Amino acid sequence: MITVIGIFENAELADEASSYLLANEFEDENIDVHTSADDAAEQDRVGDFFNHIYADGKQAAHYASLGRQGTVVTVHAISAREAQEAVDVLNNYGAVDVNATEENPDGAKSRSQVIERIIAPGDRLR
């Protein structure tokens, strides 16, 4: 499985992206949508999710910070083609640029992240 992660500032756009994917042959059990809440437990869940995905603590903290401020859509794709379709949909619906300016000096946009690993059901962000 290939995991695609998009972070949205606008929860409605995240829901629209998820709905589009579901209407276009993606399975419900392969799409997770998580809108962050203010309580500490939810904040910790987002941090744990990104710490599980990224070995680099600084990178995990950066993504967790963005995820805590918005809605995280995670797509568990069954092929590279499906993963690319998910990236395109999430980006087209407004996934935020996740690179900090100082880490991305060439100005290239980095939106939906592709992680080539399986995320265990207990570690998924739902």
Side-chain angles (χ1 to χ4, degrees):
M1 276 223 167
I2 303 168
T3 302
V4 178
I5 303 167
I7 300 172
F8 292 80
E9 291 177 344
N10 183 315
E12 289 178 21
L13 291 177
D15 288 338
E16 288 177 19
S18 174
S19 294
Y20 182 90
L21 291 166
L22 290 170
N24 287 280
E25 301 183 15
F26 283 78
E27 300 294 327
D28 186 49
E29 65 267 7
N30 291 333
I31 300 173
D32 301 329
V33 179
H34 182 271
T35 299
S36 221
D38 290 333
D39 66 73
E42 284 300 308
Q43 299 290 321
D44 289 345
R45 281 189 65 217
V46 173
D48 290 345
F49 174 75
F50 285 102
N51 281 322
H52 173 74
I53 293 173
Y54 296 102
D56 179 325
K58 183 177 178 183
Q59 188 177 27
H62 173 69
Y63 292 120
S65 174
L66 293 171
R68 287 181 183 115
Q69 298 172 30
T71 299
V72 179
V73 177
T74 309
V75 180
H76 307 280
I78 58 173
S79 68
R81 180 195 60 78
E82 191 173 86
Q84 186 57 54
E85 287 180 34
V87 166
D88 293 343
V89 168
L90 297 179
N91 289 347
N92 288 339
Y93 275 89
V96 299
D97 181 5
V98 295
N99 281 333
T101 305
E102 66 274 5
E103 295 173 15
N104 195 18
D106 65 358
K109 295 282 187 188
S110 177
R111 296 187 178 196
S112 300
Q113 299 294 297
V114 177
I115 312 298
E116 294 193 33
R117 66 187 298 188
I118 296 172
I119 298 176
D123 293 327
R124 288 173 65 169
L125 190 58
R126 297 181 183 203

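These figures come from a predicted structure and were not determined experimentally.
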Over all atoms of both residues, closest heavy-atom pair of [X] and [Y]:
X	Y	result
V4	A83	CG2-O, 3.6 Å
G6	L90	N-CD1, 3.8 Å
T71	A14	CG2-CB, 3.5 Å

Inset, instruction - For the pair Q69 (side chain) and S65 (backbone), establish whether a donor and an acceptor sit closer than 3.5 Å, ignoring hydrogens and angles. - result: yes
Inset, instruction - Carefully, step by step, assess H34 and V46 under the rule side chain to side chain contact (heavy atoms under 4.5 Å, CB included). - result: CA-CA 9 Å; H34 182 271; V46 173; 3.7 Å; yes
Inset, instruction - Measure up the Y63 and Y54 rings against each other and bin them: parallel (under 30°), tilted (30 to 60°), perpendicular (over 60°). - result: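 Judged by the thresholds at 30° and 60°, the geometry between Y63 and Y54 is parallel.
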Legend entry - Contact check, side chains of I5 and F49, non-hydrogen atoms, under 4.5 Å: yes
Inset, instruction - For T35 and F8, run side chain to side chain contact (heavy atoms under 4.5 Å, CB included): C-alpha distance rounded to whole Å, both residues' side-chain angles, the deciding distance at 0.1 Å, then the answer. - result: CA-CA 9 Å; T35 299; F8 292 80; over 6 Å; no
Inset, instruction - Answer yes or no: does atom CD of E29 have more than 12 heavy-atom neighbours from other residues, nucleotides or ligands under 6.0 Å? - result: yes
To the nearest 0.5 Å, how far apart are [atom1] in [X] and [atom2] in [Y]?
X	Y	atom1	atom2	answer
F50	L66	CZ	CG	8.0 Å
N51	Q59	CG	CD	11.0 Å
H76	E82	NE2	CD	11.5 Å
N10	D15	CG	CG	9.0 Å
T74	I53	OG1	CD1	6.5 Å

Inset, instruction - Let me see the working for I7 and V96 under side chain to side chain contact (heavy atoms under 4.5 Å, CB included), right down to the final yes or no. - result: CA-CA 6 Å; I7 300 172; V96 299; 4.1 Å; yes
Inset, instruction - Run the numbers on N30 and M1 for side chain to side chain contact (heavy atoms under 4.5 Å, CB included), then give the verdict. - result: CA-CA 10 Å; N30 291 333; M1 276 223 167; 4.0 Å; yes
